[in-house]
Amino acid sequence: MTLPNENPTEGTHKNFIEVEIEKDFATKESLRGRSLMTRFPPEPNGYLHIGHAKSICLNFGLAQRYGGKCNLRFDDTNPTKEDQEYVDSIMRDVQWLGFQWDGLFYASDYFDQLYEWAVQLIREGHAYVCDLDAEAMRQYRGTLTEPGRNSPYRDRSVAENFDLFERMKRGEFPDGARTLRAKIDMASPNLNLRDPVMYRILHSHHHRTGDKWCIYAMYDWAHGESDSIEGITHSICTLEFENHRPLYDWFCKTLRIYHPRQMEFARLNLSYTVMSKRKLLQLVTEGHVSGWDDPRMPTISGLRRRGYTPESIRSFCETIGVARFNGTIDVLVLENAVREHLNQIANRYMAILDPIKVVLTNYPEGQTETLEAVNNPEDPSAGARQLPFSRTLFIEREDFMENPPSKYFRLKPGGEVRLRYAYIIRCDEVIKDASGKVVELRCSYDPETRSGSGAASERKVKGTIHWVSASTAACCEVRLYDRLFQSENPEEAAEGKTFLDNINPNSVTNIVAVVEPELARQSPGTRVQFERNGYFVVDEIDSLPDKPVFNRIVTLRDSWAKIASK
RNA sequence: UGGGGUGUGGUGUAAUUGGUAGCACGACAGAUUCUGACUCUGUUAGUUGGGGUUCGAGUCCCUACACCCCAACCA
């Protein structure tokens, strides 16, 4: 047993992978003297999303927990889809999530070794060059219920295979003309074992190896071998690769090389979200979102720009657990994870999203004062700030109702409400424009009720609302984000429709909010709470000095909305 | 109709390997509150069905059912 921590997961429940890892290290001869080695192996053909975060937290987390190591390895065996832009974004995202890889590798680092091993398989009669084109190969492969037939090229001599493979490598044949195949079993009930393709011809420029190669390894041929080279002890992947495990094992065994253990877990599905790279790419290229980092995207870069914290994403990954059952997590769990963290760290401010003017008729014209407001009740070290107060204010339009239901305890005609950190006011008069829209409330304030000013100020009223003093208010652009999709499972589209038809037409609303002066001075990346409203982040891209643009990260829980909707 | 997997409250995940079915999110009810937030309390609700073994089964056996994955020269 070379796991350094005696009981690394003591006190918590182990997931099945941890159970198996501990069992392996306790019993397997091949692991004697080794310590846990994992890897996160993305293909650089898109941006990472929250599903990858689960895998990242798993692989890096396991390494941390057991005192092992975790590599970042780019699975770059298909030059037609991969790009340096994706490599860069992936490295950034992994680090932003709070992880640091031990080794940084590329499958393309191993192309030479892979080629030598392919030669070995040919020499030993385990691989052959096949001239069947894609269509013919499909026919020879058989179906789920019928066995395949041997390729007519299956029994070429070793010498001929050598010659042909060498010429494939030299670029003598056009794309798709031939393949190198493993000679396994065309009758296997597992289709992955019906002489799988190891190399295809692709005259394509590779983002790292340039034009050196025109034959490229397939996933199955590259992945396990890369794991072996890096000494990966546990190669963790998603469930759909389970059927590939026999092939993974066959290659390692036939090559007689170090043999890692592949283990599969269920990928993450989130309600109201699409997770496939193809669909995310489509959202980007067709302009349904502004880019991979659009704050509505489930990409790591989208979540980052939306204002999610790495801590909250890690905590989310911890709570959802790891298992072999393919289910769907309610997106509320993710939202709950950010709220929980932001409640601890975000300073509170007052901002009015939809203002209505309030004039305090008995507050002397021209008078101002400052009031003290706590920055974060959850964190005393965050201190306090001074809030300017005056005769004319703005409050939230939805904090006033002319004919409210009984349970409504905000402002109403003749009713009282407390202005947070200020005074209790009474609504005396409602002023409307020609169309009947309320444009102004004329109120009187109770001078005895200034917050914190003694016994008289302790008077209780049902409601407390937020406000902003008009004379010192600033205006800021605010983007109110909502879910990108309006259906729980966006992939489920009606006949003739696609997931795109499930896009929420109101997933973003741009407004100009009236905010307290402090808020206009926040720097990009700062996360705040707009009291009684939600958590917001100063956008890192579109904000200008002293002109922040706010993205809504998530709303506050709103039990009034529930009551009101009944 | 081949093969490989998986079924625990609404959702996700545990159960010392045969011994009180727990936790989180949600929902509901209440307490508290100068954020209808936070916090706190309580309630709700589960082992896919049917047999069997056993003093005792989520766990072992048999059987049925449901769902997921596999027929790219993608990963």
Side-chain angles (χ1 to χ4, degrees), chain A residues 12-15 41-43 45 75-78 80-82 130 132-134 137-139 141-148 175-181 188-194 196-202 215-216 218-220 222-223 237-246 264 266 271 277-278 319-330 332-337 339-340 343-344 348 350 373-374 377-378 407-410 417-422 424 449 451-452 457-458 460-466 529-534 555-564:
Chain A
T12 68
H13 290 121
K14 293 186 185 84
N15 62 49
E43 181 189 10
N45 67 344
D75 221 333
D76 56 349
T77 55
N78 185 353
T80 64
K81 291 185 177 172
E82 294 149 9
C130 182
L132 256 24
D133 64 24
M137 198 181 293
R138 191 169 62 78
Q139 283 169 3
R141 186 158 34 232
T143 68
L144 292 178
T145 51
E146 305 155 30
D175 287 4
R178 294 179 218 263
T179 56
L180 183 74
R181 295 225 258 166
S188 171
N190 182 340
L191 302 244
N192 294 124
L193 263 22
R194 318 245 261 230
V197 172
M198 294 168 61
Y199 280 100
R200 75 284 214 188
I201 299 172
L202 239 35
I215 55 172
Y216 288 93
M218 299 288 291
Y219 167 85
D220 288 300
H223 200 92
C237 61
T238 46
L239 247 28
E240 64 270 26
F241 291 103
E242 195 160 15
N243 294 329
H244 294 243
R245 195 170 63 220
E264 310 84 16
S271 63
K277 274 195 193 174
R278 203 204 101 237
T319 42
I320 60 176
V322 181
R324 288 175 65 84
F325 176 71
N326 248 320
T328 301
I329 307 272
D330 194 325
L332 286 172
V333 179
L334 214 210
E335 294 172 353
N336 180 65
R339 282 200 192 95
E340 195 175 38
N343 179 47
Q344 300 303 315
R348 275 64 166 167
M350 297 208 275
V374 172
E378 305 289 328
K407 282 181 182 163
Y408 185 85
F409 40 84
R410 279 115 96 150
V417 76
R418 172 172 290 281
L419 296 179
R420 176 101 153 132
Y421 297 124
I424 292 174
T449 57
S451 293
S457 73
E458 300 294 302
K460 301 286 184 207
V461 286
K462 265 310 227 333
T464 298
I465 63 174
H466 59 284
Q529 182 192 107
F530 290 1
E531 290 222 21
R532 303 207 307 131
N533 208 309
T555 61
L556 251 32
R557 273 207 192 79
D558 187 354
S559 57
W560 165 245
K562 277 182 207 166
I563 298 168

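Note on naming: letters A, B, ... go to the chains in the order of the sequence lines (proteins, then strands), and numbering restarts at 1 for each one.
One finds a side-chain N or O of Lys562(A) lying less than 4.0 angstrom from the OP1 or OP2 phosphate oxygen of A27(B). Residue Arg278(A) has no polar side-chain atom (N or O) positioned under 4.0 Å from OP1 or OP2 of C74(B). OP1 or OP2 of G36(B) has at least one side-chain nitrogen or oxygen of Arg532(A) nearer than 4.0 Å. Contact check, Arg181(A) against C73(B): no side-chain N or O comes under 4.0 Å of OP1 or OP2. Contact between the side-chain N/O atoms of Arg245(A) and the OP1/OP2 oxygens of G3(B) is not found at any separation under 4.0 Å. Neither OP1 nor OP2 of U13(B) sits under 4.0 Å from any side-chain N or O of Arg324(A).
Using a 4.5 Å heavy-atom threshold, the side chains of Met218(A) and Thr179(A) count as separate. Side chains of Asn78(A) and Arg200(A) form a contact here, defined as non-hydrogen atoms less than 4.5 Å apart. Arg245(A) places a side-chain heavy atom less than 4.5 Å from the side chain of Glu264(A).
Across all strands shown, U13(B) is found opposite G22(B) as a Watson-Crick or G-U wobble partner, with both distances under 3.5 Å. With both pairing distances under 3.5 Å, U47(B) is matched to nothing as a Watson-Crick or G-U wobble pair. With both pairing distances under 3.5 Å, A66(B) is matched to U6(B) as a Watson-Crick or G-U wobble pair. Using N1 to N3 plus N6-O4 or O6-N4 for Watson-Crick, or N1-O2 and O6-N3 for G-U wobble, each under 3.5 Å, C73(B) pairs with nothing. Nucleotide U35(B) is matched to nothing when pairs are restricted to Watson-Crick or G-U wobble geometry with both distances under 3.5 angstrom.
Gly452(A) comes within 4.0 angstrom of a base, heavy atoms only. Base engagement by Phe409(A) is indicated by at least one non-hydrogen atom pair under 4.0 Å involving a base atom. Contact annotation for Ser559(A): backbone-only contact, meaning every heavy-atom pair under 4.0 Å involves sugar-phosphate atoms and none involves a base. Among the atoms of the strands shown, none is found under 4.0 Å from any heavy atom of Tyr199(A). Among the protein residues, Val322(A) comes within range of the sugar-phosphate backbone only, with heavy atoms under 4.0 Å from sugar or phosphate atoms but none that close to a base. Within the 4.0 angstrom heavy-atom criterion, base atoms lie near Tyr421(A). Note on Ser271(A): nothing from the nucleic acid sits closer than 4.0 angstrom, heavy atoms only. Residue-level contact check: Ile320(A) touches the backbone only, with heavy atoms under 4.0 Å from sugar-phosphate atoms and none from bases. Residue-level contact check: Met218(A) touches the backbone only, with heavy atoms under 4.0 Å from sugar-phosphate atoms and none from bases. Residue contacts for Pro42(A): at a heavy-atom cut-off of 4.0 Å it reaches no nucleic acid atom on any strand shown. Residue contacts for Glu242(A): at a heavy-atom cut-off of 4.0 Å it reaches the sugar-phosphate backbone alone, with no base atom in range. Using a 4.0 Å heavy-atom distance criterion, Lys277(A) is classed as making no nucleic acid contact. Among the atoms of the strands shown, only primed sugar atoms or phosphate atoms (P, OP1, OP2) are found under 4.0 Å from some heavy atom of Thr77(A). Among the protein residues, Gln529(A) comes within range of the nucleic acid bases, having at least one heavy atom under 4.0 Å from a base atom.
With salt bridges taken as basic N to acidic carboxylate O contacts below 4.0 Å, none links Glu43(A) and Lys277(A).
Of the inter-residue distances, the one linking Lys407(A) atom NZ with Lys462(A) atom NZ reads 10.5 Å to the nearest 0.5 angstrom. In this structure, His244(A) NE2 and Leu191(A) CG are separated by 9.5 Å, a value rounded to the nearest 0.5 Å.
The same atom, C1', is picked in U32(B) and in G10(B); the two are 29 Å apart, to the nearest Å. Separating the C1' atom of A45(B) from that of A24(B) is a span of 15 Å, rounded to the nearest Å. Annotation: G2(B) and G19(B) have their P atoms spaced 36 Å apart (nearest Å). The same atom, C1', is picked in G56(B) and in A71(B); the two are 48 Å apart, to the nearest Å. Comparing G9(B) with G5(B), their P atoms are spaced 23 Å from each other, to the whole Å. C25(B) and U6(B) have their P atoms separated by 29 Å, with the value rounded to a whole Å. Distance noted for atom P between U48(B) and A29(B): 31 Å (whole Å).
Summarising the geometry, the separation between CE on Met198(A) and C1' on A72(B) is reported as 17 Å, rounded to the nearest angstrom. We find that CG of Asn192(A) is positioned 15 Å from P of C69(B), with the value rounded to whole Å. Straight-line distance from the OH atom of Tyr219(A) to the P atom of A75(B): 10 Å, rounded to whole Å. One interatomic measurement links the two molecules: CZ of Phe530(A) to C1' of U35(B), which rounds to 14 Å at whole-angstrom precision. Rounded to a whole Å, the CG atom of Leu419(A) is 13 Å from the P atom of U35(B). Between Glu340(A) atom CD and A24(B) atom C1' the separation is 10 Å, expressed in whole Å. The nearest whole Å value for the distance from the CG atom in Asn15(A) to the C1' atom in A24(B) is 16 Å. Put simply, CZ on Arg194(A) is 17 Å from C1' on C73(B), counting in whole angstrom units.
Contact of Arg348(A) with U35(B) (side chain to base): a donor-acceptor pair of N or O atoms is detected under 3.5 Å. Checked by distance alone, His466(A) brings no side-chain donor or acceptor within 3.5 Å of a matching partner on the base of A37(B). Taking only distance into account, the side chain of Asn336(A) never meets the base of C25(B) through a donor-acceptor pair shorter than 3.5 Å. Side-chain atoms of Arg410(A) come within donor-acceptor range of the base of G36(B), with a qualifying N/O pair under 3.5 Å.
Taking each heavy atom of Tyr421(A) and Ser451(A) in turn, the nearest pair found is C-OG, 3.1 Å. Shown here for Pro377(A) and Arg348(A), the closest heavy-atom pair between the two residues is CD-NE, 3.8 Å.
Within the 3.5 Å criterion, the main-chain N or O of Ser271(A) finds no donor-acceptor partner in the side chain of Asp330(A).
If you find the closest nucleotide of RNA chain B to Arg557(A) and to Phe325(A), the one lying nearer the 5' end belongs to Phe325(A).
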